[in-house]
Amino acid sequence: MVIGIEEFMKTATSEQRQLLSNLSDLAEKEKNLAEKINKIYLGVNTGIYSDGKGITLCEDEDDANIISLKHKLELKEVRDDIVRLLKKAVSELDMKDVGIIQRQYKNYVMEE
């Protein structure tokens, strides 16, 4: 059975609500980091990348890999946090029937 988020929120505990809020915040961070990384790789087309604070040469994919490394590491941490929260939602907070949890669990959690 799949429960919609609106239906679930009617009976959710404060811990379940907090987990959903945290997942939402992490999803926003993930989106922003992915956009930053994509912007760096688009710089290869022009040969430069600007973050608004300065300009960096970005002539090929190797340059883009180096420039984006910090963002990629942060993105990995965000995704690891998402996985941790999804596992907690399913194993500890009885949220396995919530539609958004089911969909995202399949996207993020690799079965061991």
Side-chain angles (χ1 to χ4, degrees):
M1 179 171 93
V2 178
I3 301 170
I5 193 74
E6 296 85 12
E7 187 67 26
F8 177 76
M9 291 304 276
K10 292 176 186 174
T11 59
T13 67
S14 61
E15 190 175 9
Q16 290 169 327
R17 289 174 195 256
Q18 184 61 53
L19 185 136
L20 289 172
S21 175
N22 292 348
L23 278 174
S24 176
D25 292 345
L26 288 169
E28 185 67 27
K29 273 187 184 177
E30 180 186 37
K31 177 181 170 258
N32 290 337
L33 287 166
E35 287 173 354
K36 287 177 183 178
I37 292 167
N38 288 336
K39 184 179 176 192
I40 291 167
Y41 281 89
L42 288 173
V44 172
N45 296 331
T46 61
I48 60 168
Y49 164 71
S50 175
D51 63 0
K53 298 174 189 164
I55 296 175
T56 304
L57 286 178
C58 187
E59 298 175 322
D60 58 26
E61 196 167 311
D62 287 338
D63 291 343
N65 288 336
I66 292 168
I67 296 166
S68 65
L69 184 60
K70 176 183 157 208
H71 296 308
K72 287 179 180 178
L73 293 172
E74 192 175 341
L75 182 60
K76 183 188 180 321
E77 288 178 19
V78 167
R79 288 180 174 161
D80 288 347
D81 287 345
I82 291 171
V83 168
R84 182 182 52 75
L85 288 178
L86 288 169
K87 285 181 176 180
K88 181 178 181 176
V90 169
S91 66
E92 297 175 30
L93 298 180
D94 196 29
M95 297 171 71
K96 64 184 173 300
D97 293 333
V98 179
I100 187 84
I101 299 295
Q102 285 182 356
R103 289 188 301 277
Q104 296 310 316
Y105 196 91
K106 291 176 192 172
N107 291 334
Y108 286 92
V109 180
M110 302 297 165
E111 294 301 323
E112 283 95 36

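Position 1 is the first residue of the sequence, and the numbers go up from there.
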With a 3.5 Å cut-off and sequence neighbours excluded, list the donor-acceptor pairs that the side chains of residues 90-100 form with protein atoms.
{"unit_1": "S91", "atom_1": "OG", "unit_2": "K87", "atom_2": "O", "d": "2.8"}
{"unit_1": "D94", "atom_1": "OD1", "unit_2": "K96", "atom_2": "NZ", "d": "3.4"}

Taking side chain to side chain contact (heavy atoms under 4.5 Å, CB included) as the definition, give me every residue that meets it alongside I48, ordered by chain and number, with sequence neighbours left out.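 Checked I48 against side chain to side chain contact (heavy atoms under 4.5 Å, CB included); matches are T46, I55, L57.
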Nearest atoms (heavy-atom pairs only) where [X] meets [Y]:
| X | Y | result |
| --- | --- | --- |
| A27 | I82 | N-CD1, 4.4 Å |
| L23 | I101 | CD1-CD1, 3.8 Å |
| V83 | Y108 | CG2-O, 3.4 Å |

About how many Å separate CG of D81 and CG of L86, when rounded to the nearest 0.5 Å?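 Reported value, rounded in 0.5 Å steps: 11.0 Å.
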Reported CE-to-OH distance for the pair M110 and Y105, which is rounded to 0.5 angstrom: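 Reported to 0.5 Å precision, the distance equals 11.5 Å.
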May I ask you to test the I40-D51 pair for a side-chain heavy-atom distance under 4.5 Å?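 Side chain of I40 against side chain of D51, heavy atoms only: no contact under 4.5 Å found.
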Starting from the C-alpha separation in whole Å, work towards a yes-or-no answer on side chain to side chain contact (heavy atoms under 4.5 Å, CB included) for Q16 and T11. CA-CA 10 Å; Q16 290 169 327; T11 59; over 6 Å; no
Under the side-chain hydrogen bond (donor to acceptor under 3.5 Å, both in side chains) rule, collect the residues that match up with S24, sequence neighbours excluded.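 Result, side-chain hydrogen bond (donor to acceptor under 3.5 Å, both in side chains) vs S24: none returned.
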With sequence neighbours excluded, what pairs up with E15 under the side-chain hydrogen bond (donor to acceptor under 3.5 Å, both in side chains) test?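 Testing E15 for side-chain hydrogen bond (donor to acceptor under 3.5 Å, both in side chains), a comparison that skips the adjacent residues, returns K88.
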Show every salt bridge (charged side-chain N to carboxylate O under 4.0 Å, His left out) that has at least one partner inside residues 22-31, sequence neighbours left out.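 Sorted pair list: E30-R79, K31-E35.
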List the atom pairs, with distances to 0.1 Å, where a side-chain N or O of residues 62-73 and a protein N or O form a donor-acceptor pair under 3.5 Å, not counting sequence neighbours.
{"unit_1": "D63", "atom_1": "OD2", "unit_2": "E59", "atom_2": "N", "d": "2.9"}
{"unit_1": "N65", "atom_1": "OD1", "unit_2": "Y41", "atom_2": "OH", "d": "2.2"}
{"unit_1": "N65", "atom_1": "OD1", "unit_2": "K72", "atom_2": "NZ", "d": "3.4"}
{"unit_1": "N65", "atom_1": "ND2", "unit_2": "E61", "atom_2": "O", "d": "3.3"}
{"unit_1": "S68", "atom_1": "OG", "unit_2": "A64", "atom_2": "O", "d": "2.7"}
{"unit_1": "S68", "atom_1": "OG", "unit_2": "N65", "atom_2": "O", "d": "3.4"}
{"unit_1": "K72", "atom_1": "NZ", "unit_2": "Y41", "atom_2": "OH", "d": "2.6"}

